[in-house]
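The shown structure was predicted, so the numbers you read here are calculated from the model rather than taken from an experiment. When a residue number appears, it is its place in the shown sequence, counting from 1. Side chains are part of it too, since the values below use all heavy atoms of this structure and drop only hydrogens, waters and symmetry mates.
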Amino acid sequence: MNQQLQNLQQWVQDQGLDVAYISNFTNINYFTNFFQDPEERVTGLFVFPDHEPFLFTPALSIQAVKKAGWDYPVYGYLDHEDPFALIADHIRAVNPNPLKWGIEKLDLAVQKFEAITRQFPQASFPADASMKIQELQLIKTDAELEIMKVAGQQADAAFAAGFAALQAGRSEQAVVAEIEYAMMKQGVMHMSFDTIVQAGVDAADPHGGPEATKVQPGELVLFDLGTNNHGYMSDATRTVAFGGDVSPKAREIFDVCLEAQLTAQAAVRPGLRASDLDKIARDVIEKAGYGEYFNHRLGHGIGMSTHEFPSIMAGNDMELVEGMCFSIEPGIYIPGVAGVRIEDCVHVTATGCEPFTHTPKDFQIIQ
C-alpha cells in the first residue's frame with residue numbers, strides 16, 4: 001500500500017469510520033495511480049479501517065486498473081446493472097452494517113449520495129474526506145516535484161511554440177491550434193486546461209478564451225497554458241507584444257503587473273501568510289492606481305488538479321510551508337484597453353521558492 005493510501009486508511013481509523021468513499025476521479029488517481037473520467041458511469045475507491053481497500057469501476061475499465069498497478073480487489077459492473085447495489089454487496093462482505101462514513105463533501109453528487117443512503121439507510125456521514133485529502137495533497141513529495149518540473153518544461157516549450165505561431169491576421173484560435181499541435185508532436189497529448197490566447201482588448205476579460213479575433217501588430221497578446229505530465233499539471237501565463245511596440249497605457253500596465261509578480265515571487269518563504277503574499281502583489285498594483293482592475297486572488301494551489309487548495313488571497317491566514325505549490329498570477333484588466341497577466345507556479349523551498357516555468361517574463365516584442 002503506497003504512503004498516500006496508508007495515510008487515508010489511518011485517517012479512517014482515527015475518525016472511527018467504517019468506510020470512506022472516494023468519488024473524485026482525480027483523487028482516486030492520487031491514491032491508486034488509476035486515472036479515468038467515468039463520465040456518467042460510476043467509479044469509486046472504498047477504504048476501510050482494518051481491511052484492504054477496493055476499487056469499483058465500469059467493467060470495461062478493469063484491465064486498465066490492473067495495468068495501472070492496483071494490487072487490491074477491483075470490481076466492475078455492466079451498464080444495465082445497478083452499480084450501488086453491487087457496491088453495497090461488496091461493502092457488506094467486509095462490514096455487514098457500516099454506519100459511519102467518510103465522503104468527499106466537495107465532490108459527491110447528490111444522486112450518488114442518495115443512492116448510498118438507499119442502500120444504507122442507517123448510515124451517517126460525520127467526516128469530510130475532502131478536507132483530509134486537501135491536507136494530504138498540500139505538501140508535495142520530491143517525486144511529485146520532479147514530475148511537476150517536467151510539466152513546467154513542457155509549458156515552456158508550449159510558450160515557444162505559441163510565440164513562433166504569432167502572425168498578423170492569424171486568429172487567436174489558430175495560434176492555440178498551433179501550440180497544441182506542436183505539443184502533440186512532442187508527445188504531450190493533454191494540456192492541463194483549454195489553452196488561452198487573447199490579443200489586444202480581448203485580454204481584458206480574465207475569464208475569456210480564444211476567439212476568431214485576428215492578431216494585429218502593436219498589441220499585447222496573453223498566453224495562459226499548461227500541460228498534464230503523468231497526472232500532474234503545469235500552469236503559467238506570459239503576456240508579450242506582437243509586431244512592434246504597444247500603446248503607452250498597455251506598456252504601463254505591463255510594467256506594473258510584472259513588478260507585482262516579481263515582488264511577490266521574491267517574497268515567498270516558509271512562515272509567510274497566504275494573505276500577506278496576496279497583499280504584497282496587490283499593494284504594488286494599488287499604488288500604481290490600478291487596484292480596481294486586479295479583480296481575482298493572487299493564486300491557487302496546483303498538483304494533480306490545476307486549481308487545488310489553498311487559495312493565495314485576502315482572508316487566508318495559512319502559513320506557507322516548504323513543499324507547497326501554488327501560482328502567483330497578478331493581473332490588470334482594463335476593458336477596451338488591454339489586459340495583462342503574468343504567472344508562474346512555484347514550490348516553496350526552505351529559503352524561498354522555485355518556479356516550475358522559466359520562460360522570460362520581461363517585456364518582449366515578438367516580430
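- Heavy atoms only, all atoms of each residue included: Thr141 and Glu144 are closest at N-OE1, 2.8 Å.
- With Gln9 contributing its side chain and Phe48 its backbone, the two residues share a donor-acceptor pair below 3.5 Å.
- Applying side-chain contact (heavy atoms from CB on, under 4.5 Å) to Asn27 and the options Leu8, Leu45, Ile133, Thr32 leaves one that passes, Ile133.
- Two residues are said to be in side-chain contact when any heavy atoms from C-beta on lie closer than 4.5 Å; Leu258 and Asp362 meet this criterion.
- Taking all atoms of both residues into account, the shortest heavy-atom contact from Gly209 to Glu172 is O-OE1, 4.0 Å.
- Note that CD1 of Ile366 is 13.0 Å distant from CD of Gln167, once rounded to the nearest 0.5 Å.
- Grouping the Ile, Leu, Val, Met, Phe, Trp and Tyr side chains by contacts below 4.5 angstrom, directly or via other members, places Val268 with Phe309.
- A single hydrophobic cluster is not seen to contain both Phe254 and Val201; linkage of ILVMFWY side chains at heavy-atom distances under 4.5 Å, directly or through other members, places them apart.
- Side-chain atoms of Gln173 and Ser171 include no donor-acceptor pair closer than 3.5 Å.
- Placement of Met1 and Val47 within a single hydrophobic cluster is found when ILVMFWY residues are connected by side-chain heavy-atom separations under 4.5 Å, directly or transitively.
- Scanning all heavy atoms of the two residues, the minimum distance from Cys325 to Lys140 falls at SG-CG, 3.4 Å.
- You'll find the side chain of Val321 stays beyond 4.5 Å of the side chain of Pro270, heavy atoms only.
- Open room surrounds CG on Asp142; 12 or fewer heavy atoms of other groups in view lie less than 6.0 Å from it.
- Ser275 and Asn316 share no side-chain donor-acceptor pair at under 3.5 Å.
- Rounding to the nearest 0.5 Å places CD1 of Ile342 at 11.5 Å from CD of Glu329.
- In this structure the side chain of Leu298 reaches within 4.5 angstrom of the side chain of Ile328, judged on heavy atoms.
- Donor-acceptor pairing under 3.5 Å is lacking for the side chains of Thr357 and Asp156.
- No side-chain N or O of Asp205 forms a donor-acceptor pair with one of Gln198 less than 3.5 Å apart.
- Using a 4.5 Å heavy-atom cutoff, the side chains of Leu222 and Val340 are not in contact.
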What do the steps show when you test Thr239 against Val221 for side-chain contact (heavy atoms from CB on, under 4.5 Å), and what is the final call?
CA-CA 6 Å; Thr239 304; Val221 184; over 6 Å; no
Determine, stepwise, if the pair Phe56 / Tyr75 fulfils ring pair (Phe, Tyr, Trp, His ring centres under 6.0 Å).
CA-CA 5 Å; Phe56 185 88; Tyr75 306 112; 7.5 Å; no
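- Once rounded to the nearest 0.5 Å, the distance linking CG of Leu5 with CH2 of Trp70 reads 5.0 Å.
- Applying the side-chain contact (heavy atoms from CB on, under 4.5 Å) test between Thr43 and each of Pro58, Ser61, Ser23 identifies Pro58 as the sole match.
- Counting heavy-atom neighbours within 6.0 Å of Gln122 CD, excluding the residue itself, gives a total of 12 or less.
- Summarising the local packing, NE2 of His190 is surrounded by 12 or fewer heavy atoms from other residues, nucleotides or ligands at distances under 6.0 Å.
- Side-chain N/O atoms of Tyr21 and Glu104 include no donor and acceptor closer than 3.5 Å.
- Looking at heavy atoms from C-beta onward, Phe356 lies out of side-chain contact with Ser234 at the 4.5 angstrom threshold.
- Within 6.0 Å of NZ on Lys279 lie no more than 12 heavy atoms contributed by other residues, nucleotides or ligands.
- Between Arg251 and Asp255 a salt bridge is recorded (basic side-chain N to carboxylate O distance below 4.0 Å).
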Residues Tyr72, Phe54; criterion ring pair (Phe, Tyr, Trp, His ring centres under 6.0 Å); working and verdict
CA-CA 6 Å; Tyr72 302 100; Phe54 72 78; over 10 Å; no
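- Ile302 and Val346 end up in different hydrophobic clusters when Ile, Leu, Val, Met, Phe, Trp and Tyr side chains are linked at under 4.5 Å.
- In plain terms, the two heavy atoms of Ile91 and Pro98 that are nearest each other are CG2-CG, 3.7 Å.
- Defined by atom type and a distance below 3.5 Å, a donor-acceptor pair is missing between the side-chain atoms of Asn95 and His51.
- For the residue pair Gln6/Asn2, the side-chain donor-acceptor check at 3.5 Å is not satisfied.
- Residues Arg273 and Asp278 are not paired through a salt bridge, judged by the lack of any N-O separation under 4.0 Å between the basic side chain and the carboxylate.
- Evaluation of the ring pair (Phe, Tyr, Trp, His ring centres under 6.0 Å) test over residues 192-248, restricted to residues two or more places apart or in two chains, returns Phe163-Phe223.
- A distance of 8.5 Å separates CD in Gln36 from CD in Glu39, rounded to the nearest 0.5 Å.
- More than 12 non-hydrogen atoms from other residues, nucleotides or ligands lie less than 6.0 angstrom from NZ of Lys105.
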Is there a side-chain contact (heavy atoms from CB on, under 4.5 Å) between Tyr77 and Ile87 once you walk through the steps?
CA-CA 9 Å; Tyr77 78 101; Ile87 287 170; over 6 Å; no
Passes side chain to side chain donor-acceptor pair (under 3.5 Å), Asp235 versus His300? Steps please.
CA-CA 10 Å; Asp235 179 9; His300 54 78; 3.2 Å; yes
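- Using a 4.0 Å cut-off between charged side-chain N and carboxylate O, Asp224 and Arg238 make no salt bridge.
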Audit row: Lys287, Asp283, side-chain contact (heavy atoms from CB on, under 4.5 Å) steps and yes/no
CA-CA 6 Å; Lys287 182 179 179 181; Asp283 282 351; over 6 Å; no
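- By the 4.5 Å heavy-atom criterion applied to side chains, Ile139 and Glu322 are not counted as neighbours.
- Residues Ile285 and Pro330 meet the side-chain proximity criterion, which asks for heavy atoms closer than 4.5 Å.
- A donor and an acceptor atom, one from each side chain of Gln137 and Lys132, are nowhere located under 3.5 Å apart.
- Of all non-hydrogen atoms in Met233 and Ser192, the two that sit nearest each other are SD-CB, 3.5 Å.
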Step by step, would you call Asp202 with Glu211 a side-chain contact (heavy atoms from CB on, under 4.5 Å)?
CA-CA 8 Å; Asp202 284 0; Glu211 300 182 4; 3.9 Å; yes
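- For the pair Arg118 and Phe84, the cation-pi test (distance below 6.0 Å, angle within 45°) is failed.
- The CE atom of Met131 sits 12.0 Å away from the CG atom of Leu136 when rounded to the nearest 0.5 Å.
- Under the rule for a side-chain hydrogen bond (donor to acceptor under 3.5 Å, both in side chains), Thr26 has no partner lying at least two apart in sequence or in another chain.
- Within the cation-pi definition used here (under 6.0 Å to the ring centroid, within 45° of the axis), Arg341 does not qualify as a partner of Tyr333.
- Leu277 places none of its side-chain heavy atoms less than 4.5 Å from the side chain of Arg282.
- Residues Leu106 and Ser130 share a closest heavy-atom pair of N-OG, 3.1 Å.
- To the nearest 0.5 Å, the span separating CZ on Phe326 from CD on Glu308 amounts to 13.0 Å.
- Side-chain contact check for Asn229 and Thr227: no donor-acceptor pair (N or O, by modelled atom type) lies under 3.5 Å.
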